Visitor: 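This is the structure I have questions about; it appears just below.
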Amino acid sequence: VTVEVSSRRGGLLLRVTDDGDGFDVEAAGREPGHLGLASMRERAELVGGELRVESRPGAGTTVEAWLPVGNMSLQGRVPR
């Protein structure tokens, strides 16, 4: 697993990459009871950010989250 954090476009870009089994991203979003990806996307969007997930079976996974920083207060906006 590789974890990277960098400054980009007035925010932070968080990237987690692995060389694991990978999965079908579209199918994972449709399975009942599996809220992980939807929850991560919702939390990123709540603070004005974005989430991108790239994966395919047998090819590992990359998850990128861009989150704004600066003038915005996050207090009370992110569920704990």
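Residues take their numbers from the sequence shown, with the count starting at 1. Fair warning: this is a prediction, and the values are worked out from it, not measured in the lab.
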Visitor: Could you tell me which residues satisfy side chain to side chain contact (heavy atoms under 4.5 Å, CB included) with Leu51, sequence neighbours excluded, listed by chain and number?
Guide: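 Leu51 satisfies side chain to side chain contact (heavy atoms under 4.5 Å, CB included) with Met40, Arg41, Ala44, Val53, Val63, Ala65 only.
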Visitor: Applying salt bridge (charged side-chain N to carboxylate O under 4.0 Å, His left out), can you list everything that pairs with Arg9, at least two apart in sequence or on another chain?
Guide: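 Glu50.
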Visitor: Supply the members, apart from Trp66, of the Ile/Leu/Val/Met/Phe/Trp/Tyr cluster built from side-chain contacts under 4.5 Å; use none for a lone residue.
Guide: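 Traced through the cluster, Trp66 reaches Leu13.
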Visitor: What residues join Val3 in its hydrophobic cluster, counting side-chain heavy atom gaps under 4.5 Å, either direct or through other members?
Guide: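 So far as hydrophobic clustering goes, Val3 is joined with Val1, Val16.
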Visitor: Ignoring hydrogens, what is the shortest heavy-atom contact between Pro68 and Val47? Give both atom names and the distance.
Guide: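 So the two residues come closest at CG-O, 2.9 Å.
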Visitor: Keeping to residues at least two apart or across chains, list the salt bridge (charged side-chain N to carboxylate O under 4.0 Å, His left out) pairs with something in residues 17-26.
Guide: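 Counting only pairs at least two positions apart or across chains, no salt bridge (charged side-chain N to carboxylate O under 4.0 Å, His left out) contact touches residues 17-26.
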Visitor: So which atom in Thr61 and which in Ser55 form the shortest heavy-atom distance, rounded to 0.1 Å?
Guide: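 Distance-wise, the nearest heavy atoms are OG1-OG, 2.8 Å.
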Visitor: Quick one: salt bridge (charged side-chain N to carboxylate O under 4.0 Å, His left out) partners of Glu4, sequence neighbours excluded?
Guide: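 Partners of Glu4 under the salt bridge (charged side-chain N to carboxylate O under 4.0 Å, His left out) test: Arg15.
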Visitor: Can you name the residues that form a side chain to side chain contact (heavy atoms under 4.5 Å, CB included) with Ala28, not counting sequence neighbours?
Guide: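 In terms of side chain to side chain contact (heavy atoms under 4.5 Å, CB included), with neighbours along the sequence ignored, Ala28 is linked to Phe23, Leu37.
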Visitor: Taking salt bridge (charged side-chain N to carboxylate O under 4.0 Å, His left out) as the definition, give me every residue that meets it alongside Arg52, ordered by chain and number, with sequence neighbours left out.
Guide: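 Expected list: Glu54, Glu64.
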Visitor: Given a cutoff of under 4.5 Å between side-chain heavy atoms of I, L, V, M, F, W and Y, with clusters grown through shared members, what are the other residues clustered with Leu35?
Guide: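 Besides Leu35, the cluster holds no residue at all.
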